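The chain is numbered in sequence order, starting from 1. Quantities reported herein were computed from a predicted structural model and do not represent experimental measurements.
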Amino acid sequence: MELKLIREPNAAATPGKLYINGVVSCYTLEDIDRNLRKDMSLDEIRKIKQHSNTAIPTGTYTVVISYSNRFQRQLPILTGVPGFDGIRIHPGNTTADTEGCILLGDGRSGNTITNSRVAFDRVFKQLTEAAKKEKITIVIL
């Protein structure tokens, strides 16, 4: 399964759209895009990154379902994100809810997404089913 996140960054946040196998699934929200790329050195990333206030580097990552101690449940996690740990996909509405993670929602108004739990539950069901039979990747542009 291929996820594609197309970002529409602004000065305060990084809204976007999530596509699943080429079809728009929902809106996304991340912290500020600081133009990080997966192919940058770890030193370059660390110099630019602001802890809990930076969107992850653009690139392709593997997504797996694993238990989150913080959220006390199974959640998707992106693996191999340089300079970042514990990058999850989860519900939330504003950048105050993200700390570098990707939030999902069915509606968007400026830098706020709405109907986050509904969107997350729908996408999580798709990811859980896909994880049983295939590799899941996310391309972040």
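- Closest heavy-atom contact between Thr14 and Asp33: OG1-N, 2.9 Å.
- A donor-acceptor pair under 3.5 Å is formed between the side chain of Glu134 and the backbone N or O of Met1.
- Considering only residues two or more places apart in sequence or on other chains, Glu2 meets the salt bridge (charged side-chain N to carboxylate O under 4.0 Å, His left out) condition with none of them.
- Under the 4.5 Å side-chain contact rule for hydrophobic residues, Val139 and Val24 share a cluster.
- Residues passing the ring-ring contact (aromatic ring centres under 6.0 Å, His included) test with Tyr61: none are found, sequence neighbours excluded.
- Under the 4.5 Å side-chain heavy-atom criterion for grouping Ile, Leu, Val, Met, Phe, Trp and Tyr, Ile48 is connected to Ile45 within one hydrophobic cluster.
- With sequence neighbours left out, the salt bridge (charged side-chain N to carboxylate O under 4.0 Å, His left out) criterion links Arg122 to Asp106.
- Between the CD1 atom in Ile136 and the CD1 atom in Ile65 there is a gap of 5.5 Å [rounded to 0.5 Å].
- Asn111 and Ala12 make their closest contact through ND2-CB, 3.6 Å (heavy atoms, listed as atom of the first residue, atom of the second, distance).
- No side-chain heavy atom of Asn93 sits under 4.5 Å from any side-chain heavy atom of Leu103.
- Ser116 contributes a side-chain N or O that, together with a main-chain N or O of Leu104, makes up a donor-acceptor pair within less than 3.5 Å.
- The ring pair (Phe, Tyr, Trp, His ring centres under 6.0 Å) contacts involving residues 83-112 comprise Phe71-His90, where partners must be two or more places apart or lie in separate chains.
- Side-chain atoms of Lys38 come within 3.5 Å of backbone atoms of Thr60 as a donor-acceptor pair (strictly under, hydrogens ignored).
- With values rounded to the nearest 0.5 angstrom, Glu30 atom CD is found 10.0 Å from Ile113 atom CD1.
- Looking at residues two or more places apart in sequence or on another chain, you find a side chain to side chain contact (heavy atoms under 4.5 Å, CB included) between Arg70 and Ser68, Glu99.
- Partners of Tyr19 by ring-ring contact (aromatic ring centres under 6.0 Å, His included), not counting sequence neighbours: none found.
- One distance of note links CD1 of Ile56 with CG of Leu36; it measures 10.0 Å at 0.5 Å rounding.
- How far CG of Asp85 is from OG1 of Thr79: 11.5 Å, rounded to the nearest 0.5 Å.
- Residues meeting the salt bridge (charged side-chain N to carboxylate O under 4.0 Å, His left out) test with Lys133, sequence neighbours left out: none.
- Pairing each heavy atom of Arg7 with each of Ala55, the nearest pair is NH2-CB, 3.6 Å.
- Both Val123 and Ile102 sit in one connected hydrophobic cluster of ILVMFWY residues. Membership requires side-chain heavy atoms under 4.5 Å apart, directly or through other members.
- A search for side chain to side chain contact (heavy atoms under 4.5 Å, CB included) contacts involving Thr114 returns nothing, not counting sequence neighbours.
- Residue pairs that meet the side chain to side chain donor-acceptor pair (under 3.5 Å) test with at least one member in residues 40-51, sequence neighbours left out, are Arg34-Gln50, Ser41-Glu44.
- Using a 4.5 Å heavy-atom threshold, the side chains of Glu8 and Asn10 count as separate.
- Side chains of Leu127 and Leu3 form a contact here, defined as non-hydrogen atoms less than 4.5 Å apart.
- Contact between Gly86 and Cys101 at its shortest, heavy atoms only, is O-SG, 3.8 Å.
- A pairwise comparison of heavy atoms in Gly105 and Cys26 identifies O-CB, 3.3 Å as the closest pair.
- A single hydrophobic cluster is not seen to contain both Ile20 and Tyr27; linkage of ILVMFWY side chains at heavy-atom distances under 4.5 Å, directly or through other members, places them apart.
- The side-chain heavy atoms of Ile138 and Leu18, taken from C-beta on, include a pair separated by under 4.5 Å.
- With sequence neighbours excluded, the residues forming a side chain to side chain contact (heavy atoms under 4.5 Å, CB included) with Ile77 are Val64, Ser66, Arg88, listed by chain and number.
- For residues 93-141, the pairs satisfying ring pair (Phe, Tyr, Trp, His ring centres under 6.0 Å) are Phe120-Phe124, with sequence neighbours left out.
- With sequence neighbours excluded, the residues satisfying salt bridge (charged side-chain N to carboxylate O under 4.0 Å, His left out) with Asp39 are Arg37.
- When all heavy atoms are compared, the tightest approach of Ile32 to Ala11 is CD1-O, 3.8 Å.
- Ile140 and Leu75 fall within the same hydrophobic cluster, where Ile, Leu, Val, Met, Phe, Trp and Tyr residues are linked whenever their side-chain heavy atoms come under 4.5 Å apart, directly or through other members.
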